[in-house]
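Below: the structure, in structure tokens.
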There are 2 protein chains.
Amino acid sequence: MKIGARETERRMERITSAVKAAGVKLTIQRLEIFRELAASADHPSAEAVFEALHARMPTVSLDTVYRTLWLLTDLGLVHTLGPRHESVRFDPKLERHHHFVCLRCGLVRDFESAELDALRVPASAARFGRVEATHVEVRGVCSGCARKQGRKSGGRNDKEPKGGKGSNEHE
Amino acid sequence: MKIGARETERRMERITSAVKAAGVKLTIQRLEIFRELAASADHPSAEAVFEALHARMPTVSLDTVYRTLWLLTDLGLVHTLGPRHESVRFDPKLERHHHFVCLRCGLVRDFESAELDALRVPASAARFGRVEATHVEVRGVCSGCARKQGRKSGGRNDKEPKGGKGSNEHE
DNA sequence: CTCCTACCTGCGAATCATTCGCAAGTAGGT
DNA sequence: ACCTACTTGCGAATGATTCGCAGGTAGGAG
């Protein structure tokens, strides 16, 4: 599904200006990928963007689509649903609970809150179907990352090249 | 990190009774996997459970660990962080928003809510670090799935063997 | 407008997490 | 003790991403 032309334009402008500001080259493939994504009303996978594009530009590679999407993610212009490509984590806590997620290292910690368990669901959400529960994700920077903040950070998940011991504690 | 022995026991009982009730065989490897998971205070990956187990049971296979973890997931005794193993979805919506997630087909729809944007974060969550935002995931069954409900459902994500057209609309 | 060079792209090969296909093993009811 | 359907352990598939490089090409300098 696609969104209106006006909104698409708005997104395109926001994206291209941010990308230029970041000092990255504006190639045709990138612009087309931006456009495809900007016009999307849902949450396409890289493959979906690639296929939609393939009609217009038979030469783009899936790889370039991935690289461009991650570029936008790094610039904060798009987000991903759920954690990025990693192994699945299992949560054994039986009680109803919510999560604190560190935007820097990916750490996930549980916490309980009767208040959040009983959230009032707005009509804008209820209209999609039958609601069974609400789950809150509190996003921020964990104390661990806050302490050792000295790097300029920025990159997606800031993954260190090799062997670093402290990254990605999805715990 | 591990949780207390008392809580671990409580989880073990809950798991074994539910598993027996489901008519599944209780093998040694399953019991050990249950124990490992039940004692965990965080969100281990299958690989992590496998490695922790490997010391005690050098013969368990990673495959069995996966099968057992998914078995528990299907029984609702553990949950996964984020969607299960699939391709990453990109969300191009720039405005602050939340998600309605269909537990049946995985469909994800956006919605806005000023009220949910400004959620009060409980101290139990704030103590983990600096809070930057809250994101609410409303879980339920989308109208599409509610309509075509006639199958017994049950299995994780209810993925139809082959070619079904309507599954997994992560849109 | 042309030239240069750092940044990009396309591809095929490489990774990684996860799952399959099967032969051999074993809970647990009888 | 005995059956048998449900389980395991492997090694070989899969699928999604990413890498390594040999060309290409934006776009600032001249």
Side-chain angles (χ1 to χ4, degrees), chain A residues 16 19-34 43-51 53-54 56-75 80-90 106 155-157 159-162 167-168 170, chain B residues 16 19-34 43-51 53-54 56-75 80-90 106 155-157 159-162 167-168 170:
Chain A
T16 51
V19 164
K20 261 186 281 195
V24 203
K25 284 184 182 170
L26 280 179
T27 62
I28 325 87
Q29 2 325 49
R30 279 179 178 171
L31 284 169
E32 287 302 317
I33 293 169
F34 294 168
H43 313 117
S45 62
E47 185 86 38
V49 171
F50 171 69
E51 281 176 8
L53 226 53
H54 210 270
R56 272 185 277 154
M57 290 190 82
T59 62
V60 272
S61 70
L62 174 58
D63 198 20
T64 294
V65 172
Y66 268 110
R67 283 186 289 223
T68 302
L69 292 177
W70 286 126
L71 167 70
L72 293 179
T73 305
D74 286 349
L75 293 176
T80 58
L81 295 191
R84 69 198 78 259
H85 186 228
E86 271 174 353
S87 50
V88 177
R89 301 301 173 131
F90 296 84
R156 86 175 116 122
N157 232 36
K159 84 166 79 159
E160 295 166 49
K162 274 279 168 284
S167 50
N168 264 97
H170 255 294
Chain B
T16 51
V19 164
K20 262 186 281 193
V24 203
K25 286 184 182 170
L26 280 178
T27 62
I28 324 87
Q29 11 309 59
R30 277 179 178 170
L31 284 169
E32 288 301 318
I33 293 170
F34 293 168
H43 313 116
S45 62
E47 185 84 36
V49 172
F50 172 69
E51 282 176 6
L53 225 53
H54 210 271
R56 272 186 275 152
M57 290 190 81
T59 63
V60 272
S61 71
L62 174 57
D63 199 19
T64 294
V65 171
Y66 268 109
R67 284 187 288 223
T68 302
L69 292 177
W70 286 125
L71 167 70
L72 293 179
T73 305
D74 286 350
L75 293 176
T80 59
L81 295 191
R84 70 197 78 257
H85 187 227
E86 271 174 352
S87 51
V88 177
R89 302 300 173 131
F90 296 84
R156 87 175 115 121
N157 232 39
K159 83 165 78 160
E160 295 166 51
K162 273 280 166 283
S167 50
N168 266 98
H170 254 292

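Naming: A, B, ... by sequence-line order, numbering from 1 per chain.
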| query | Given the rule in the side chain to side chain contact (heavy atoms under 4.5 Å, CB included) test, do R30(B) and V19(B) qualify, once you have shown the distances and angles that lead to the verdict? | reply | CA-CA 10 Å; R30(B) 277 179 178 170; V19(B) 164; 5.8 Å; no
| task | Output the single nucleotide from dT7(D), dT17(D), dC19(D) whose closest atom is nearest the side chain of D63(A). | result | dC19(D)
| Once you round it to whole Å, what is the distance between P of dT19(C) and CH2 of W70(B)? | 6 Å
| query | In whole Å, what is the span from the CZ atom of R89(B) to the P atom of dT17(D)? | reply | 9 Å
| Below 4.0 Å: OP1/OP2 of dA16(D) and any side-chain N or O of S87(B) | no
| note | Picking from dT7(D), dG9(D), dC8(C), the nucleotide nearest the side-chain atoms of K25(B) would be dT7(D)
| Counting side-chain heavy atoms from C-beta on, which of dG10(C), dA16(D), dC8(C) comes nearest to T27(A)? | dC8(C)
| query | With a 4.0 Å cut-off on heavy atoms, is E47(A) in touch with a base, just the backbone sugar-phosphate, or nothing at all? | reply | nothing
| task | Output, in order, the C-alpha distance, side-chain angles, deciding distance and verdict of side chain to side chain contact (heavy atoms under 4.5 Å, CB included) for I33(A) and T64(A). | result | CA-CA 9 Å; I33(A) 293 169; T64(A) 294; 4.2 Å; yes
| query | Taking atom C1' of dG29(C) as reference, at what distance in whole Å does atom NZ of K20(B) sit? | reply | 15 Å
| message | Mind checking if T59(B) touches a base, just sugar-phosphate, or nothing, with heavy atoms under 4.0 Å? | response | sugar-phosphate
| request: Verify side chain to side chain contact (heavy atoms under 4.5 Å, CB included) between V88(B) and W70(A), making sure each step is shown before the conclusion. | output: CA-CA 11 Å; V88(B) 177; W70(A) 286 126; 4.2 Å; yes
| task | Let me know the distance between CZ of F50(B) and P of dG9(D), rounded to the nearest Å. | result | 9 Å
| Inter-residue atom distance H54(A).NE2 - T59(A).OG1, 0.5 Å rounding | 8.0 Å
| message | When you measure from the side-chain N and O atoms of S61(B) to the phosphate of dT8(D), is any distance below 4.0 Å, counting only OP1 and OP2? | response | no
| remark: Value for CZ (F34(B)) from CG (L71(B)), rounded to nearest 0.5 Å, stands at 6.0 Å
| said: Please compare V24(B) and L62(B) by the position of their nearest nucleotide in DNA chain C and report the one closer to 5'. | reply: L62(B)
| When the distance from CZ of R30(A) to P of dT25(D) is rounded to whole Å, what number comes out? | 14 Å
| request: Nearest-nucleotide wise, let me know which of A46(B) and Q29(B) is further upstream toward the 5' end of DNA chain C. | output: A46(B)
| said: Just the rounded figure in Å: distance from P of dG10(C) to CD of E32(A). | reply: 12 Å
| message | Determine whether K20(B) and L26(B) satisfy the following criterion, side chain to side chain contact (heavy atoms under 4.5 Å, CB included), listing intermediate values before the conclusion. | response | CA-CA 7 Å; K20(B) 262 186 281 193; L26(B) 280 178; 3.7 Å; yes
| remark: L26(B) atom CG is separated from dT8(D) atom P, nearest whole Å, by 10 Å
| request: Name the closest nucleotide to the V60(B) side chain, picking from dT17(D), dA17(C), dG9(D). | output: dG9(D)
| message | Mind checking if R67(B) touches a base, just sugar-phosphate, or nothing, with heavy atoms under 4.0 Å? | response | base
| task | Looking at every strand, decide which applies to I28(B) at a 4.0 Å heavy-atom threshold: base, sugar-phosphate, or nothing. | result | sugar-phosphate
| message | Rounded to whole Å, how long is the line connecting atom CD of E51(A) with atom P of dG15(D)? | response | 14 Å
| Y66(A) vs dT18(D): side-chain N/O to OP1/OP2 distance below 4.0 Å | no
